[in-house]
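Side chains included, hydrogens not; waters and symmetry mates left out as well; all remaining heavy atoms used.
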Amino acid sequence: GELRAKLESIAMSAVRKRFSPEFVNRIDAVVTYQPLDADSLAAILDQQIRELQQHVNTRLGARCFTIEVPEESRRFLLEKGTSSEYGARELKRTVHRSLTQPLATLVASGQIEAGARVRVEVAPEGDRLTMRTVEVCPVPPRRHPAVLIVDDNRDLLRFLEHLMSASQWDIATAESAEQALAAVEARTPDAALLDYMLPDGNGVDLGVRLKRKHPRTQIVIMSGAQLPPEDETAADQSGFPILRKPFLANDVMSLIRARLGAAAAANG
């Protein structure tokens, strides 16, 4: 209670020195941020470790491995990367220096096998972290991502199919919403690229239907014109990015790769 009152007093004193009374009196509410407690700092560290693991899974694919950071090693990172003065500002840099960089060196030099479990431990001297492989699990064959492309422009459809097949993705194509729904019954796509103008509906409605049946499918809408406001809103609320035609090959490939990365992270 005393700390909260002191922080609010210091903060409001600084505000009144910087801004005029007329402006300050117009402020309806003031929120004073409190110092991060131990639980909050630990939660931030957990999130950074999860993000590192997700990056390893997505970037390395079949060569991925599991990172195990026990409590002692987490305390080391918290002690090195946090302080009462700066909070968690240095934590990201500490994780990068003490965890990410050594792992990157081991991966680059081929010292971590696919499917390994890498345990991160505090060195006997207590001044750094060390890493060792404690187990290697068999890695199941990684399937190629499945991408559904729906467009009644056959020339564009064939071009996109050829373009994406070069990335070793399993491509399914359809020229209508009906064909698309039939294709989805055969295999659930990881990502779907849907033209807005279809002969039997529109891509946003189709995307919503696909998302209801397969929540982890990543949907991208293609359109050569501005969408009607209601469909623009529906696409935004559903998290469907809109790819404006005409687009470059790099644009569509970058967007689909990003969505496939999101699908891989969601599938864990």
Expected output: side-chain Ser165 to main-chain Glu161 donor-acceptor under 3.5 Å: yes
Grouping I, L, V, M, F, W and Y whenever their side-chain heavy atoms are under 4.5 Å apart, do Ile219 and Ile171 come out in a common cluster? no
Same hydrophobic cluster for Met197 and Val220, using side-chain heavy-atom links shorter than 4.5 Å among ILVMFWY? no
Donor-acceptor under 3.5 Å (Glu175 side chain, Asn153 main chain): no
Flag for Ser40-Asp37: side-chain donor and acceptor within less than 3.5 Å: yes
Should Leu7 and Tyr33 be regarded as members of a common hydrophobic cluster, given that ILVMFWY residues are connected when their side-chain heavy atoms come within less than 4.5 Å of each other, either directly or indirectly? no
So that I can tick it off, tell me whether Asp151 and Lys245 are bridged by a salt bridge, with the cut-off set at under 4.0 angstrom between side-chain N and carboxylate O. yes
Donor-acceptor pair, side chain of Ser73 and main chain of Val69, under 3.5 angstrom: no
Would you say the side-chain atoms of Asp200 pair up with the backbone N or O of Ala177, donor to acceptor, closer than 3.5 Å? yes
Full working for side chain to side chain contact (heavy atoms under 4.5 Å, CB included) between His96 and Gln101: CA-CA 6 Å; His96 180 76; Gln101 288 287 61; 3.5 Å; yes
How close do Leu77 and Ser98 get, counting heavy atoms only, and between which atoms? CD2-CB, 3.9 Å
Minimum heavy-atom separation for Val150 to Ala180, with atom names? CG2-CB, 3.6 Å
Quick one: do Arg257 and Ser167 satisfy side chain to side chain contact (heavy atoms under 4.5 Å, CB included)? Show the steps, please. CA-CA 10 Å; Arg257 284 194 180 100; Ser167 295; 3.5 Å; yes
Gap separating the CG atom of Asp231 from the CG atom of Asn202, nearest 0.5 angstrom: 5.0 Å
Verify the cluster assignment for Ile10 and Leu36: are they in a single hydrophobic cluster under the rule of side-chain heavy atoms below 4.5 Å apart? no
Taking all atoms of both residues into account, what is the closest heavy-atom pair of Gln47 and Arg50, and its distance? OE1-NH2, 2.7 Å
About how many Å separate CD1 of Ile49 and CD1 of Ile44, when rounded to the nearest 0.5 Å? 12.5 Å
Hydrophobic clusters here meaning ILVMFWY residues chained together by side-chain heavy-atom distances under 4.5 Å, can you tell me if Leu181 and Ile149 are in one? no
Which atom of Trp169 lies closest to which atom of Met164, heavy atoms considered: CE3-CB, 3.6 Å
Applying salt bridge (charged side-chain N to carboxylate O under 4.0 Å, His left out), run through Arg216 and Asp190 and close with a yes or a no. CA-CA 7 Å; Arg216 292 183 175 179; Asp190 299 291; over 6 Å; no
For Gly203 and Leu194, work out which heavy atoms get closest and say how close. O-CD1, 3.5 Å
Is there a side-chain contact between Gln53 and Thr66 in this structure, where contact means two heavy atoms from C-beta onward sitting under 4.5 Å apart? yes
May I ask you to check whether over 12 heavy atoms, not counting those of Arg93, lie within 6.0 Å of atom CZ? no
Can you measure from CG (Asp195) to CG (Leu157) and round to the nearest 0.5 angstrom? 9.5 Å
Are any of the side-chain heavy atoms of Cys64 and Asn57 separated by less than 4.5 Å? yes
CG-CZ distance between Asn25 and Arg16, expressed to the nearest 0.5 angstrom: 8.5 Å
Student check: side-chain heavy atoms of Phe65 and Leu103 closer than 4.5 Å: yes
Taking the basic N atoms (NZ, or NE/NH1/NH2) and the acidic carboxylate oxygens, is any pair closer than 4.0 Å for Arg119 and Glu72? no
Taking everything shown except Arg74 itself, do over 12 heavy atoms lie less than 6.0 Å from its CZ? yes
Looking at side-chain heavy atoms only, is the closest gap between Arg158 and Thr173 below 4.5 Å? yes
Do Val118 and Glu68 make a side-chain contact, defined as non-hydrogen atoms from C-beta onward lying under 4.5 Å apart? no
Correct closest heavy-atom pair for Lys92 and Gln48 would be CA-OE1, 3.4 Å
Glu185/Lys213 under salt bridge (charged side-chain N to carboxylate O under 4.0 Å, His left out): CA gap, chis, key distance, verdict: CA-CA 10 Å; Glu185 291 299 323; Lys213 292 187 68 176; 2.4 Å; yes
I'd like to know whether Val31 forms a side chain to side chain contact (heavy atoms under 4.5 Å, CB included) with Glu8, so could you lay out the CA-CA distance, the side-chain angles of the two residues, the decisive distance to 0.1 Å, and finally the verdict. CA-CA 9 Å; Val31 177; Glu8 290 177 354; over 6 Å; no
If we only count heavy atoms from C-beta on, is the Glu90 to Ser83 side-chain gap below 4.5 Å? no
State, with a plain yes or no, whether a side-chain heavy atom of Leu248 is found less than 4.5 Å away from one of Asp251. yes
So for atom CD, which belongs to Glu113, do other residues, nucleotides or ligands contribute more than 12 heavy atoms lying within a distance under 6.0 Å? no
What distance do Thr133 atom OG1 and Arg117 atom CZ have between them, rounded to the nearest 0.5 Å? 10.0 Å
Can you list, pair by pair, the side-chain donor-acceptor contacts under 3.5 Å of residues 237-244, counting residues two or more places apart and other chains?
unit_1: Ser238; atom_1: OG; unit_2: Ala234; atom_2: O; d: 2.9
unit_1: Arg244; atom_1: NH1; unit_2: Ala225; atom_2: O; d: 3.2
unit_1: Arg244; atom_1: NH2; unit_2: Glu232; atom_2: OE2; d: 3.4

Between Val30 and Met12, does a side chain to side chain contact (heavy atoms under 4.5 Å, CB included) hold up when you go through it step by step? CA-CA 9 Å; Val30 176; Met12 290 309 301; 3.8 Å; yes
Side-chain contact test, heavy atoms from C-beta onward, threshold under 4.5 Å: evaluate it for Thr188 versus Thr217 and give yes or no. yes
For atom CD of Glu178, is the number of surrounding heavy atoms from other residues, nucleotides or ligands below 6.0 Å larger than 12? no
One should read off an interatomic distance between Thr100 OG1 and Glu51 CD, to the nearest 0.5 angstrom, of 10.5 Å
